[in-house]
Amino acid sequence: MEVTFQLLDVSYELVGKEPRILMLSRLSDGRRATICYDGFKPYFYVLAEEPQKVASEIYALSRASSPIISVEEVERRYFGRPVRPLKVTTLVPGSVRDYREEVKEIPGVQEVLEADIRFSMRFLIDMNLYPMRWYTAKVEEIQDHYGTDAAFLVRGQIEEDASRANLDPLEGLRVLAFDIEVFNEQRTPDPKRDPVIMIGLMSSEGELKILESEDDRQLIAGFAEEVRRLNPDIIVGYNQNRFDWPYLIERAKVLGLELGVGRRGEEPQSGAYGHYSVPGRLNVDLLDFAFGIGEVKVKSLDEVADYLGVMPKEKRVLLEWWQIGEYWKDKAKREVLRKYLEHDVISTMGLAQKFLPFGAQMSQISGLPLDQVMSASTGYRLEWRLMREAFKRGELVPNRVERGEESYEGAIVLEPRPGVHENVAVLDFASMYPSIMVKYNVGPDTRGEGYTAPEVGHSFRREPPGFFKEVLERFLRWRREIRRAMEGLQKGSPEYRLLDERQKAIKILANASYGYLGWPSARWYCRECAEAVTAWGRNLIKTAIAKARELGIEVIYGDTDSLFVRNSERVAQLVAFVEKELGFDIKVDKVYRKVFFTEAKKRYVGLTQDGKIDVAGFEAVRGDWSELAKEAQAAVAELVLKTGRVEEAVEYVKEMGRKVKEGKVSIDKLVIWKTITRRLSEYKAEQAHVTAAKIMVKQGIKVEPGTKVGYVIAKGSGPLYTRARPYFMASWEEVDREYYVEKQLIPAAMRILGYFGVKESQLLPRRTLKDFF
DNA sequence: GCCTTGAAGTTACCG
DNA sequence: ACCGGTAACTTCAAGGCG
């Protein structure tokens, strides 16, 4: 018989000593199935001086527990050069690691390659299978269902079902959002002590449940049961990899329970990089995605959900984490706690609907299963795709090697012309770095006579095209085709949105390729390549600037691949020059009615033609300034650019300062958020946010690298760092109002108003009577 | 010992 | 855990002065 299935995830198990691949799948008839594949064996490569001699020594290592099945000399390429490595095939995937270590020690062995690719991923690569895509295969049904509705054993080829390529991969998959509430006494809860009090669940069908119990043994067991009953394909949460899963697992252990949420009742497994996998399901932590939203600085669920319009703040019940205990103890308040959890779960499901479509496309393109792709960095997503491309070309995958970092020169940033400029066109090179890589055949395998990069002198052969050029050209062609297909579709239609997510995913991988080459941990690391790319980039923008000057076009600013120029009909000539003479795509990205610069690079405020204000670089868009300063600066910028009424802006700032002095501003607007980037003991210099963090730790609140600490500055005489307090432990009475006026509000406002002749003294609020006495 | 000043340390931005 | 370039803040330590 034949089945049509969508691949969701892959794992393997041993049947005797033989590995059996298990593909978690959804069938075209709606059933969930495990598609099994027998006969695929683990292997790795060995590059050696005298292959035959080494081959017999490898055979000699063979152990009965996992025999070396074959050692054969094969033809491959390594960094583009033909090589004849030994392909060593064994039986038990787990033994590859051990054999690698032993083989390394054999004299004459130069390198052991591809011994660090996990067996189940190895299978997907070799079979050219991508998660979330659809396939057909001849199969026969087998007895063991592996926890799914049915299971099949593949008998023959697995073919992609192209007719389903443009179907929404998430349509019909069951998603479950969950969130837990834990009792706490205003400190980080401890699973040995603090019970789980409520668990919220919401299914993609809209079923919403709040479980609660005084006895969390019952609660946790009930939760696992609910998960098994709803039997989701995808489990989503917010920060569950760092909190909910480890807490539930630990708490279950304390209570002598098993957290059986897997497809066959297994516990979640903690894996590499703080990720948890739930056997038989895709566990997706939406917080990983929230990191992609730069506009939201403090990535709490409520902030992100509000920003995305999933759950507006004013409509939701909001509690702070330290209030949970209080709202549980006081039974009159429990209804509020329930509502709060309900809103959290609805928000989580809302976020899933926003993020999963992109994740599914990234999965289809990078080849990583959905749960891994969501938590993987861009560099790894690209690398997994590169590994597949390498396999297709018979290229060996280089090992990851530890390297010291050697820095190199990057892009050019022009000194801006300070002041307000009118009618400014922003020209952007389209995908400048990938275009350079394609044009000059840049890559680790193409070093040689041909194209020579300016300044740095690294050169690359013209022909034949190298690995990166080929991959990038495929990406660019693919994306062009998708964008063409999108033209024929209704904007906003489901198919349009699907293709849009797909083209975005491709673009992200293409644009990551330069950074990837300069990343010391990259398998295909090539500093010279990255260095050559930026050198060509500098050359390109310099040439464009020279041409602009020649055409009499005033250049106001530029950064890397963008040029801000006085708009005129001559701009078209500049565009034509870049396209025809230089051979790069450039376009007018936007035209500002007005744009304002100080002397600082990477900072400007622009007024677009439709009246929108763009702020780049300034305090108003930074997460480490108080809302007070940010709001005031944004207001000042808008006022000055839109109306030019400087006095009004001055009055506004003065009024704001007066309010601060009178304590009439919400204390929330004074909080400064900064990330803890290392262990507290590793800081060399004292700092305000570290002080606040230390106070938190003393209170029993966990602070780890990555934690954002919100603090306010309190009155007092010592250095700033001695006066920082966690924001939730400070009252208005303690706040140093002078600091907020003089070191936050006024500097942020002056950054802009200073260029309009305003003096700092003009912004000081009139002294109140109280100050006077 | 105090004050000035520039370097160092730190964070978060731009493209 | 993709890159380098950049602004801006506070802290820290060196050097000058008395």
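Computed from heavy atoms alone, side chains included, the values below leave out hydrogens, waters and symmetry copies.
- Regarding contacts with the backbone of B:dT11, a side-chain N or O of A:Tyr683 is found under 4.0 angstrom from either OP1 or OP2.
- At whole-Å resolution of the value, CH2 in A:Trp524 and P in C:dC2 are 16 Å apart.
- Atom CD of A:Glu599 is separated from atom P of C:dA7 by 10 Å (rounded to the nearest Å).
- Interface residues of residues 398-414 of chain A facing DNA chain C, ordered by number: A:Ser407, A:Tyr408, A:Glu409, A:Gly410, A:Ala411, A:Val413; criterion, heavy-atom separation under 4.0 Å.
- For A:Trp673 and A:Tyr727, the gap between ring centers is short of 6.0 Å.
- Taking atom CD of residue A:Gln687 and atom P of nucleotide B:dA12, one finds them 10 Å apart after rounding to whole Å.
- If you take CG of A:Asp428 and C1' of B:dG15, they are 9 Å apart, rounded to a whole angstrom.
- Classified by interplanar angle (parallel below 30°, tilted 30° to 60°, perpendicular above 60°), the ring pair A:Phe584/A:Phe429 is perpendicular.
- At a threshold of 4.0 angstrom between heavy atoms, the contacts of A:Thr677 are confined to the sugar-phosphate backbone, with no base atom among them.
- Phosphate contact (OP1/OP2 of B:dT11, side-chain N/O of A:Arg678, threshold under 4.0 Å): present.
- At a threshold of 4.0 angstrom between heavy atoms, the contacts of A:Gly515 include nucleobase atoms, whether or not backbone atoms are also involved.
- Relative ring orientation between A:Phe289 and A:Phe358 is described as perpendicular, the plane-to-plane angle rising above 60° on a 0-90° scale split at 30° and 60°.
- The residue A:Val533 sits apart from the nucleic acid: no heavy atom pair falls under 4.0 Å.
- OP1 or OP2 of C:dC2 lies within a sub-4.0 Å distance of a side-chain N or O belonging to A:Ser377.
- As a whole-Å value, the separation of A:Ile676 CD1 from B:dT10 P is 11 Å.
- Comparing C:dA8, C:dT11, C:dC3 against the side chain of A:Tyr514 picks out C:dC3 as the nearest.
- Note on A:Arg603: every side-chain N or O is 4.0 Å or more away from OP1 and OP2 of B:dG15.
- Between B:dA12 and A:Thr675, a contact under 4.0 Å exists linking OP1 or OP2 to a side-chain N or O.
- The pair A:Glu554-A:Arg566 meets the salt-bridge criterion, since a charged nitrogen lies less than 4.0 angstrom from a carboxylate oxygen.
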- [ ] Report the C-alpha distance between A:Phe467 and A:Trp524 in whole Å, list the side-chain angles of each, state the deciding distance to 0.1 Å, and finish with yes or no for ring pair (Phe, Tyr, Trp, His ring centres under 6.0 Å).
- [x] CA-CA 10 Å; A:Phe467 182 47; A:Trp524 280 277; 5.2 Å; yes

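- If you take CD of A:Glu619 and P of C:dT10, they are 12 Å apart, rounded to a whole angstrom.
- With 3.5 Å as the limit, one finds a donor-acceptor pair spanning the side chains of A:Asp614 and A:Tyr592.
- Note on A:Arg381: nothing from the nucleic acid sits closer than 4.0 angstrom, heavy atoms only.
- Here A:His689 reaches the OP1 or OP2 of B:dT11: one of its side-chain N or O atoms lies under 4.0 Å away.
- Across all strands, A:Tyr604 comes closer than 4.0 Å only to sugar-phosphate atoms, never to a base (heavy-atom distances).
- When the side-chain nitrogen and oxygen atoms of A:Lys602 are compared with OP1 and OP2 of C:dA7, none of them lie within a distance under 4.0 Å.
- Within 4.0 Å (heavy atoms only), A:Pro520 reaches sugar-phosphate atoms of the nucleic acid but no base atom.
- Distance CD (A:Gln633) to P (C:dA8): 10 Å, rounded to an integer number of Å.
- Partners of A:Val621 by side-chain contact (heavy atoms from CB on, under 4.5 Å), not counting sequence neighbours, listed by chain and number: A:Val615.
- The residue A:Ala530 sits apart from the nucleic acid: no heavy atom pair falls under 4.0 Å.
- The side chain of A:Lys674 places no N or O atom within less than 4.0 Å of a non-bridging phosphate oxygen (OP1 or OP2) of B:dT11.
- Here A:Tyr525 and A:Trp519 keep their ring centres 6.0 angstrom or further from each other.
- OP1 or OP2 of B:dC13 lies within a sub-4.0 Å distance of a side-chain N or O belonging to A:Lys297.
- As rounded to whole Å, 15 Å separates atom C1' of B:dG15 from atom CG of A:Leu540.
- Between A:Asp116 and A:Arg523, at least one side-chain N (NZ, or NE/NH1/NH2) sits under 4.0 Å from a carboxylate O, which counts as a salt bridge.
- Residue A:Thr560 places its side chain closer to B:dG15 than to any other of B:dA12, B:dG15, C:dC12.
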